[in-house]
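In each ligand, atom 1 is the first atom listed, and ligand 1 is the first ligand listed. The structure displayed is predicted, hence computed values, not measured ones. Throughout, numbering of the chain's residues begins at 1 and tracks the sequence. Computation of the quantities below employed the complete heavy-atom set of this structure, encompassing side-chain atoms and omitting hydrogens, waters and symmetry-equivalent molecules.
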Amino acid sequence: MGIQIAPSILSADFANLESEVDRLGDADLVHVDVMDNHFVPNLTLGLPVVEAILARTERRVDCHLMIDEPDRWAAGYAEAGAHNVTFHAEAAAAPVRLARELRRHGARAGVGLKPATPVEQFEDLLPEIDMLLVMTVEPGFGGQRFLDVCLPKIRRARELVTRSGMDIWIQVDGGVSDETIERCADAGADVFVAGSAVYGAEDAAAAVEDLRRLAAGHA
Ligand code: DX5
Ligand code: ZN
């Protein structure tokens, strides 16, 4: 699939989500951060808002569920029509069953890893998933500083995926900007979430293209 840029609407104007999603130019995905104030210390939005976004855009929606009990809630996002649904490894009780359920509903299944969660223990899960999300900040807030300590894990994730021979995307999320995206691409990431780097820019669509160009130079 190659390089994909996924702006995160966490840094958008929540009162104007339709126009905020419209102004993303050639972005490949729209990343939507669902937070429940349990899995992370922040509360954002849930299924009704995701459904409203899906009804107003042709763009592919990438749901990042930072919630407890994804086994109970994640399928609803797939049923609603999300392109990707990512649940957190730390929160899922039965990740194989859940990933299969997401795929059955027509979504790509993603597994997210917090900075301290090792990737190796998920090697056997790879045939069941379509994306690994390597968090490069502690999940919960936009605008945090990129954690370099996560770079070796991106590399190891890429090695596992290459060895598997499967078409599994490796997404990075947290602190991705024009200063850090090249390191992520070098390490093997191919899907780049950026919140503040896109919505904090004067021209969001131009920021998406800048990020894409930088990543492509290091793919
Ligand atoms: C953080 C979220 C991110 C957030 C990234 O927990 O998962 O998707 O929007 O924001 P930036 O790009 O500003 O770090
Ligand atoms: Zn996210």
Side-chain angles (χ1 to χ4, degrees), residues 3-14 17 20-21 24 27-47 49-50 53 59-68 70 73-74 77 82-92 107-117 130-151 153-154 157 169-185 189-202 204 207-208 210-212 214-215:
I3 301 290
Q4 298 188 73
I5 307 294
S8 163
I9 59 164
L10 186 58
S11 296
D13 176 357
F14 271 24
L17 285 178
E20 290 288 77
V21 166
L24 292 174
D28 302 277
L29 298 158
V30 180
H31 185 85
V32 178
D33 290 300
V34 175
M35 304 187 190
D36 67 351
N37 199 30
H38 290 274
F39 182 71
V40 289
N42 195 8
L43 184 68
T44 54
L45 52 85
L47 186 56
V49 177
V50 170
I53 294 169
R59 292 185 187 276
R60 298 183 304 167
V61 170
D62 170 32
C63 290
H64 178 193
L65 306 182
M66 286 160 278
I67 60 173
D68 280 346
W73 302 110
Y77 295 82
H83 188 76
N84 301 311
V85 178
T86 299
F87 59 87
H88 264 270
E90 304 85 357
R108 293 178 61 95
V111 172
L113 307 174
K114 289 171 43 162
T117 304
D130 304 290
M131 186 169 85
L132 267 175
L133 162 53
V134 179
M135 292 294 308
T136 42
V137 297
E138 290 294 349
F141 302 92
Q144 300 182 78
R145 209 186 137 103
F146 181 81
L147 295 173
D148 277 289
V149 72
C150 300
L151 284 168
K153 181 160 58 177
I154 301 172
W169 300 348
I170 298 181
Q171 183 176 66
V172 280
D173 182 9
V176 174
S177 70
D178 55 2
E179 283 174 23
T180 57
I181 194 167
E182 292 161 295
R183 275 175 271 164
C184 296
D190 55 6
V191 185
F192 304 87
V193 176
S196 45
V198 169
Y199 282 106
E202 221 158 280
V208 167
D210 284 346
L211 290 169
R212 191 192 304 285
L214 291 169

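- Each of R60, R59, R212 was scored for a side chain to side chain donor-acceptor pair (under 3.5 Å) with D28, with one residue passing: R212.
- Between the side chains of Q171 and N84, no donor-acceptor pair of N or O atoms lies under 3.5 Å.
- Near the Zn ion (ligand 2), less than 2.8 Å away, sit the protein N, O or S atoms H31 NE2, D33 OD1, H64 ND1, D173 OD2.
- Every residue meeting the salt bridge (Lys or Arg N to Asp or Glu O under 4.0 Å) condition with D130, not counting sequence neighbours, appears here in chain and number order: R103.
- Listed here is the closest heavy atom pair of V198 and A207: CA-CB, 4.1 Å.
- Residues D33 and H31 have side chains that bring a donor and an acceptor to within less than 3.5 angstrom of each other.
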Tell me which donor-acceptor pairs under 3.5 Å the side chains of residues 143-151 have, and how far apart each pair is, sequence neighbours excluded?
unit_1: Q144; atom_1: NE2; unit_2: E138; atom_2: O; d: 2.8
unit_1: Q144; atom_1: NE2; unit_2: F141; atom_2: O; d: 3.0
unit_1: D148; atom_1: OD1; unit_2: R183; atom_2: NH1; d: 2.5
unit_1: D148; atom_1: OD2; unit_2: R183; atom_2: NH1; d: 3.2

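- Between S8 and V193, the shortest heavy-atom distance links the atoms CB-CG1, 3.8 Å.
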Q. Could you go step by step and tell me if H64 and M35 meet the side-chain contact (heavy atoms from CB on, under 4.5 Å) rule?
A. CA-CA 9 Å; H64 178 193; M35 304 187 190; over 6 Å; no
What short N/O contacts, under 3.5 Å, does ligand 1 make with the protein, listed by atom pair and distance?
unit_1: ligand 1; atom_1: 6 (O); unit_2: G140; atom_2: N; d: 2.7
unit_1: ligand 1; atom_1: 7 (O); unit_2: D33; atom_2: OD1; d: 3.0
unit_1: ligand 1; atom_1: 7 (O); unit_2: H64; atom_2: ND1; d: 3.3
unit_1: ligand 1; atom_1: 7 (O); unit_2: D173; atom_2: OD2; d: 2.9
unit_1: ligand 1; atom_1: 8 (O); unit_2: H31; atom_2: NE2; d: 3.3
unit_1: ligand 1; atom_1: 8 (O); unit_2: D33; atom_2: OD1; d: 3.1
unit_1: ligand 1; atom_1: 8 (O); unit_2: D33; atom_2: OD2; d: 2.8
unit_1: ligand 1; atom_1: 8 (O); unit_2: D173; atom_2: OD1; d: 2.7
unit_1: ligand 1; atom_1: 8 (O); unit_2: D173; atom_2: OD2; d: 3.0
unit_1: ligand 1; atom_1: 9 (O); unit_2: S8; atom_2: OG; d: 2.7
unit_1: ligand 1; atom_1: 9 (O); unit_2: D33; atom_2: OD2; d: 3.1
unit_1: ligand 1; atom_1: 12 (O); unit_2: G195; atom_2: N; d: 2.8
unit_1: ligand 1; atom_1: 13 (O); unit_2: G143; atom_2: N; d: 2.8
unit_1: ligand 1; atom_1: 13 (O); unit_2: S196; atom_2: N; d: 3.0
unit_1: ligand 1; atom_1: 13 (O); unit_2: S196; atom_2: OG; d: 2.5
unit_1: ligand 1; atom_1: 14 (O); unit_2: G175; atom_2: N; d: 2.8

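- Scanning all heavy atoms of the two residues, the minimum distance from V32 to I9 falls at CG2-CD1, 3.9 Å.
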